[in-house]
Amino acid sequence: MLSAFRGPFHDGPPPEALEVVTPPLEQFGFAELRRMVVTYVVLTFAILRSMAAWVVRRQGRTLARAAADGAVDGFIVLGPTFVKLGQIIASSSGLFPEPLPSATRRCLDEVPPFPAEVVRKMITEDLGLPPQQVFQEFDDSPLSAASIGQVHACTLHDGREAVVKLQRPGIRPLMTTDLRIMYRLAGLIERTRWGERSGARNTIRDLHAVTFQELNPVVEAWRQDRFREGIHAFGDNKMITAPEVYWDHCGPRMICMERVSGIPMDRFDLMEERGVDGQLVLRRGAKVWAEAVMLHGPFHGDMHAGNIWVLDDGRGCYLDFGIMGELTGEWRQLVKDLFYTCMFDLDFTRVARAYRRVGVFPEGVGTDEEIGAQLGSILGPMLTGGMGALNLGDLITQSLELMKAYDATSPQELVLLAKQLLYIERYTKGLAPDYQLVGDAFIVKNIFPEEAAAKMAELGEPWPE
Ligand SMILES: Nc1ncnc2c1ncn2[C@@H]1O[C@H](COP(=O)(O)OP(=O)(O)O)[C@@H](O)[C@H]1O
Ligand SMILES: [Mg+2]
């Protein structure tokens, strides 16, 4: 057996590898111009071809749908940035007119992987040795291929089963150029009457910010590590995990980590078949996530079912730390105040105070007591159960609306947070429709230990592990 392999990050990543470098969006040079021509040609050709095909075979589609299908063909040819844009359009129906959301659903599927030779070359460059030497076994056909990267199974020399998550080659400059082009186009769209209120440039700005966070595998692995550490910070949460990062085998474009085996969180049918207590997994998972948000800092920002698994041994597992958020101190306090109030004393003056602290209310909008009373009269009855379930996702979404009404800018991080709550809600609907996260003191067991313990004693139900 070979002695243990030690790659460039065996002592942990160097600080410079953890910098998120985001190239400016406003620039437009020769590379952009050239790519813009390509984009234009590819999209025009794809749309025209699809429309021509529609003349011969309609397959029950409208012409608009055929054009949209053609555009998606073009997106797939043009690669990751456009596929990502398609994913955004597909998953924010309501924002874009049909047939766009339906046609772009295809972007949510897997994309063709990049070839094994490229994979081997990247690993050799990153680690200094080819995969056949670095690993005892390496599987050339990927477990999954997505727009930004792909995942391969492998086995370390000591027998540990692992995976390697690799970034697509050349993706950084490509996405930089594409985003600049999209930003330009968005600017044009906003100058038309139809598009002036579309917020097109904001959509691209958000995509830009998220993309360059996600494009740094070392940062991703680092956050995964920190999140994993946070899970067990209080010695509990034994039934939730995240794959251990194998730093010895990581490189600038690749993460090597523990391989896990399980099913996605929305396979409600399989969970029932396996006798998994879905509600319990949900509570445990939500507790870990809430602790990350309110105590540790970096929280998981992409909680769709593909990234949250129920492992074969019954543990819940977080995967994929490409997108994470972190609230600043004031906002974190606001979320804490919101949870505390909803769970323990319904004193919404506290929430009003928190909102004022973050600068949401303009001058002279009324006292904290007045606003608190108002909030309480709306939310209080819902919380005490009289009017059915209050959902926290809506609460935050409404807060964001409120901020808009006051012309205050809502931080991106809060939007990200609200999205995750909507995911949690989706799982709740499927797994435990009667369960109310805001009423479950288990979630804040480590955040407000005394109050939570008192509530548990009052209810007489011991907490799960
Ligand atoms: N640690 C792991 N163990 C087993 N499979 C994994 C692991 N990490 C990723 N995968 C597989 O690869 C897929 C994509 O990984 P993910 O980290 O979500 O990447 P992406 O950013 O492409 O979504 C997962 O849905 C899963 O099927
Ligand atoms: Mg994923």
Side-chain angles (χ1 to χ4, degrees), residues 76 79-81 83-84 86-88 90-91 107-114 119 122 135 137-156 159-169 171-172 175 207 210-228 231 240-251 253-267 270 285 289 298-313 315-325 416 419-420 423 426-427:
I76 290 167
T81 331
V83 172
K84 281 247 148 193
Q87 288 170 357
I88 291 183
S91 50
C107 295
L108 299 171
D109 299 339
E110 294 225 327
V111 300
F114 49 93
V119 170
M122 286 175 78
F135 302 104
E137 277 169 51
F138 187 85
D139 192 351
D140 273 343
S141 54
L143 286 174
S144 110
S147 53
I148 294 203
Q150 64 194 39
V151 175
H152 289 260
C154 59
T155 309
L156 307 189
R160 279 180 292 176
E161 299 202 314
V163 301
V164 167
K165 183 173 173 180
L166 273 170
Q167 194 170 78
R168 261 174 204 279
I171 195 174
R172 260 191 95 88
M175 289 191 91
L207 180 60
V210 171
T211 298
F212 286 94
Q213 236 205 73
E214 212 184 337
L215 277 182
N216 193 332
V218 191
V219 173
E220 181 173 335
W222 175 249
R223 288 180 170 153
Q224 176 167 342
D225 229 15
R226 282 182 65 197
F227 187 87
R228 188 180 142 86
I231 296 177
I240 297 290
T241 188
E244 181 183 351
V245 175
Y246 296 147
W247 283 109
D248 274 342
H249 295 70
C250 287
R253 290 171 299 180
M254 54 181 281
I255 306 172
C256 183
M257 66 182 112
E258 170 188 1
R259 195 190 320 157
V260 293
S261 160
I263 50 174
M265 189 69 186
D266 64 349
R267 291 304 306 270
L270 284 177
W289 184 78
F299 61 87
H300 199 290
D302 196 11
M303 281 167 46
H304 68 74
N307 292 339
I308 302 186
W309 284 12
V310 182
L311 302 188
D312 299 341
D313 63 10
R315 285 180 303 165
C317 181
Y318 281 93
L319 288 175
D320 193 355
F321 298 84
I323 301 174
M324 295 194 77
L416 194 64
K419 272 195 200 157
Q420 312 315 309
Y423 281 123
R426 203 174 298 163
Y427 304 134

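Whatever order the structure lists ligands and atoms in, that order sets their numbers, starting from 1.
Numbered from 1 in the order shown, with element, the atoms of ligand 1 that lie under 4.0 Å from a heavy atom of N307 read 18 (O). Counting atoms of ligand 1 from 1 in the listed order, those under 4.0 Å from a heavy atom of A146 are 22 (O). Under a 4.0 Å criterion applied to the non-hydrogen atoms of P243, ligand 1 contributes the atoms 1 (N). For ligand 1 and M257, the ligand atoms under 4.0 Å from any heavy atom of the residue are 1 (N).
By the 3.5 Å distance cut-off applied to N or O atoms, E258 is counted among the residues near ligand 1. Checking only distances, D320 does come within under 3.5 Å of ligand 1, N or O to N or O. Residue-to-ligand polar distances keep W309 apart from ligand 1: every N/O pair is separated by 3.5 Å or more. For a threshold of 3.5 Å applied to N or O pairs, the pair formed by V260 and ligand 1 contains at least one separation below that value. For K165, a nitrogen or oxygen atom sits less than 3.5 Å from a nitrogen or oxygen atom of ligand 1, counting backbone and side chain alike.
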If you apply the rule side-chain contact (heavy atoms from CB on, under 4.5 Å), what do you find for V219 with M324, and how did you get there? CA-CA 10 Å; V219 173; M324 295 194 77; over 6 Å; no
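At a heavy-atom distance under 4.0 Å, atoms from both the backbone and the side chain of R259 approach ligand 1. When heavy-atom distances to ligand 1 are checked against a 4.0 Å cut-off, I148 has no atom that comes that close, whether in backbone or side chain.
Protein heavy atom closest to atom 13 (C) of ligand 1, with residue, atom name and distance, is S144 OG, 3.2 Å.
Taking only non-hydrogen atoms, the option from V111, V151, V163, L166 nearest to atom 10 (N) of ligand 1 is V151.
Environment of CH2 in W247: crowded, with over 12 heavy atoms of neighbouring residues, nucleotides or ligands closer than 6.0 Å.
Of all the N, O or S atoms in D320, the one closest to the Mg ion (ligand 2) is OD2.
Under a 3.5 Å cut-off, the side chain of R253 and the backbone N or O of P217 do not form any donor-acceptor pair.
Assignment of G306 to the shell around ligand 1 is supported, since a heavy atom sits closer than 4.0 Å.
With 2.8 Å as the limit, D302 does not count as an N, O or S neighbour of the Mg ion (ligand 2).
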